[in-house]
Participant: 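First the structure, then my questions, so here it is.
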Amino acid sequence: MNKLTNDQIRQNVRGRYQTIAVKKVEAASSCCGPADSSCCDSPSDFDAISAKLGYSSEDLSAAPEGANLGLGCGNPQAIAELQAGEHVLDLGSGGGFDCFLASRQVGEQGHVIGVDMTPEMISRARDNAIKGKFNNTEFRLGEIEHLPVADNSINVIISNCVINLSPDKQQVFREAYRALQPGGRLAISDIVTTAELPPEIKNDLGELYSGCISGASSIADVEQMLRESGFSEISIEPKDESRAFIKDWVPGANVDQFIVSAVIKARK
């Protein structure tokens, strides 16, 4: 198999989420995993998908219509312990769902920035912000390996099943460390491996990579990357209950035996 370059991987990922972004909510194919996986059989029921990821009914009703695309593998704002007045950065903000939930927690004195590399997602999120009158929230086009934010400007970084999509995760964590203020914290939900991926999954750098599967790193590797980036107080907590929805991402492939959603926290 010919190895794809990092840029080709990014283009594959961008193409998948561009397709999701431009579709109407009631017709979009959502969730992590390949587009034809069974968790996308009822694409209009994004709230049901997100409820499985840990979002409350209050969360689901708080964001503007069209912000929740049923994506992710957890609920990062629920673990971030956000405080009023904080500045929050969301890596891979999509339609803005997690940004809008964070916006409520930090209040008008706080600020939320969403970064996404897909222009169509940025446009969708900006439209949602206008609809919902989220004046303390903005969306910037950019790659998470090269964040469009100043040094030492962010209190909390959140992300939902996005860093596994990067072909250069070490650079993502370096950028996150640069952007955070001293004492700032990382609070993300992401996919990690719990066993060696079979070659047929690991070497699929197309659909299975963009579906949050073959790009996942081990818990040990994630911890090492965080330490090498300068982070301390690192905590990586696998969520075994996530296997219940992960098994549907690629029916029959038993991917839940190899990957799991994890809560990842660290501090600068």
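The first residue in the sequence is number 1, and the count goes up from there. A quick note: this is a predicted structure, and the numbers were derived from the prediction, not measured.
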Participant: Asn155 side chain to Val88 main-chain N or O, any donor-acceptor pair under 3.5 Å?
Facilitator: no
Participant: Is the closest basic N to carboxylate O distance between Arg227 and Glu223 below 4.0 Å?
Facilitator: yes
Participant: May I ask whether Ile259 and Ile219 are part of the same hydrophobic cluster, defined by side-chain heavy atoms of I, L, V, M, F, W, Y residues being less than 4.5 angstrom apart, directly or through others?
Facilitator: no
Participant: Within 45° of the ring axis of Tyr177 and under 6.0 Å from its six-membered ring centre, is that where the NZ or CZ of Lys268 lies?
Facilitator: yes
Participant: State the CG-CG distance between Asp59 and Asn68, to the nearest 0.5 angstrom.
Facilitator: 10.0 Å
Participant: Determine yes or no for a side-chain-to-main-chain donor-acceptor pair under 3.5 angstrom, with Ser261 supplying the side chain and Cys73 the backbone.
Facilitator: yes
Participant: Flag the pair Glu175 / Ile144 as yes when at least one side-chain heavy-atom distance between them is below 4.5 Å, and no otherwise.
Facilitator: no
Participant: Using a 6.0 Å cut-off, check whether atom CD of Glu200 has over 12 heavy atoms from anything other than its own residue.
Facilitator: yes
Participant: Is there a path of hydrophobic side-chain contacts, each under 4.5 Å between heavy atoms of I/L/V/M/F/W/Y residues, joining Leu186 to Val156?
Facilitator: no
Participant: Could you tell me whether Glu145 and Arg10 have a side-chain N and a carboxylate O separated by less than 4.0 Å?
Facilitator: yes
Participant: Output the distance between atom CG (Leu89) and atom OG (Ser153), rounded to the nearest 0.5 Å.
Facilitator: 7.5 Å
Participant: Less than 4.0 Å between a side-chain N and a carboxylate O, is that true for Arg140 and Glu138?
Facilitator: yes
Participant: Using the rule side-chain hydrogen bond (donor to acceptor under 3.5 Å, both in side chains), only one of Glu86, Glu233, Glu81 pairs with Arg185; which is it?
Facilitator: Glu86
Participant: Report the distance from atom CD1 of Ile213 to atom CG of Leu197, rounding to the nearest 0.5 Å.
Facilitator: 9.0 Å
Participant: Quick check against the 3.5 Å criterion: does Tyr55 have a side-chain atom that pairs as donor or acceptor with the backbone of Gly74?
Facilitator: yes
Participant: Is there a donor-acceptor contact under 3.5 Å from the side chain of Asn128 to the main chain of Gly95?
Facilitator: yes
Participant: Could you walk me through whether Arg104 and Glu58 pass the salt bridge (Lys or Arg N to Asp or Glu O under 4.0 Å) test, one step at a time?
Facilitator: CA-CA 12 Å; Arg104 294 188 309 148; Glu58 182 182 359; 3.6 Å; yes
Participant: Where do Ala125 and Gly96 come nearest, in terms of heavy atoms and distance?
Facilitator: CB-N, 4.1 Å
Participant: Examine distances only and state if a side-chain atom of Ser218 and a backbone atom of Asp221 form a donor-acceptor pair shorter than 3.5 Å.
Facilitator: yes
Participant: So Leu71 and Asn160, do their side chains get closer than 4.5 Å, heavy atoms only?
Facilitator: no
Participant: Hydrophobic clustering (ILVMFWY, side-chain heavy atoms < 4.5 Å, transitive) - are Phe245 and Leu60 grouped together?
Facilitator: yes
Participant: Counting N and O atoms only, with roles assigned by atom type, does the side chain of Ser166 sit under 3.5 Å from a partner on the main chain of Ile163, one being a donor and the other an acceptor?
Facilitator: no
Participant: Report the C-alpha separation of Ile113 and His87 in whole Å, then their side-chain angles, then the decisive distance to 0.1 Å, and conclude whether the side chain to side chain contact (heavy atoms under 4.5 Å, CB included) test is met.
Facilitator: CA-CA 8 Å; Ile113 300 171; His87 286 226; over 6 Å; no
Participant: Minimum heavy-atom separation for Ile49 and Gly70, please, with both atom names.
Facilitator: CG2-O, 3.3 Å
Participant: Atom CD in Glu143, atom CD in Gln171: separation rounded to 0.5 Å?
Facilitator: 10.0 Å
Participant: Drop me the distance from Ile154's CD1 to Arg178's CZ, to the nearest 0.5 angstrom.
Facilitator: 9.5 Å
Participant: Measure from the side-chain N and O atoms of Asp116 to the backbone N and O of Ile122, and report whether any donor-acceptor pair falls under 3.5 Å.
Facilitator: no
Participant: If only side-chain N and O atoms count, and only distance matters, is there a donor-acceptor pair under 3.5 Å linking Gln170 with Asp168?
Facilitator: no
Participant: Measuring only between side-chain heavy atoms, which start at C-beta, is Asp90 closer than 4.5 Å to Ile158?
Facilitator: yes
Participant: Do you know which two heavy atoms are closest between Ala216 and Ile191, and how far apart they sit?
Facilitator: CB-CG2, 3.6 Å
Participant: Using ring-ring contact (aromatic ring centres under 6.0 Å, His included), reason through Phe134 and Phe97 one step at a time and then give a plain yes or no.
Facilitator: CA-CA 12 Å; Phe134 286 89; Phe97 184 45; over 10 Å; no
Participant: Working to the nearest 0.5 angstrom, can you tell me the gap between Ser159 OG and Leu91 CG?
Facilitator: 4.5 Å
Participant: Do any N or O atoms from the side chain of Asn254 and from the backbone of Gln257 form a donor-acceptor pair under 3.5 angstrom?
Facilitator: no
Participant: Considering all heavy atoms of both residues, which atom of Phe258 and which atom of Pro198 are nearest to each other, and what is their separation?
Facilitator: CZ-CG, 3.6 Å
Participant: Treating Asn164 as the side-chain partner and Gly215 as the backbone partner, does any N or O pair qualify as donor plus acceptor under 3.5 Å?
Facilitator: no
Participant: Taking all heavy atoms of Cys99 and all of Phe139, pick out the closest pair and write down the distance.
Facilitator: SG-CE2, 3.7 Å
Participant: Look only at the side chain of Ser61 and the backbone of Ser57, and say whether a donor-acceptor pair between them is shorter than 3.5 Å.
Facilitator: yes
Participant: Between Val192 and Ala262, what is the shortest heavy-atom contact and its length?
Facilitator: CG2-CB, 3.9 Å
Participant: Test side chain to side chain contact (heavy atoms under 4.5 Å, CB included) on Val162 and Asp190; report intermediate values, then the result.
Facilitator: CA-CA 7 Å; Val162 171; Asp190 215 329; 5.6 Å; no
Participant: Do Val115 and Phe173 sit in one hydrophobic cluster, given that two such residues count as connected whenever their side-chain heavy atoms are within less than 4.5 Å of each other, even indirectly?
Facilitator: yes
Participant: Count I, L, V, M, F, W, Y as connected when their side-chain heavy atoms are under 4.5 Å apart, and connections chain through other members. Are Met225 and Leu165 then in the same cluster?
Facilitator: no
Participant: Salt bridge (Lys or Arg N to Asp or Glu O under 4.0 Å), that's the test. Do Arg243 and Glu241 meet it? Break it down for me.
Facilitator: CA-CA 5 Å; Arg243 298 183 194 274; Glu241 61 269 27; over 6 Å; no
Participant: Among Asp98, Ile264, Ile188, Leu101, find the one that has a side chain to side chain contact (heavy atoms under 4.5 Å, CB included) with Pro76.
Facilitator: Asp98
Participant: What verdict does the side chain to side chain contact (heavy atoms under 4.5 Å, CB included) test give for Val112 and Phe100, after you've listed the backbone C-alpha separation in whole Å, the side-chain angles of each residue and the deciding distance to 0.1 Å?
Facilitator: CA-CA 8 Å; Val112 180; Phe100 299 133; over 6 Å; no
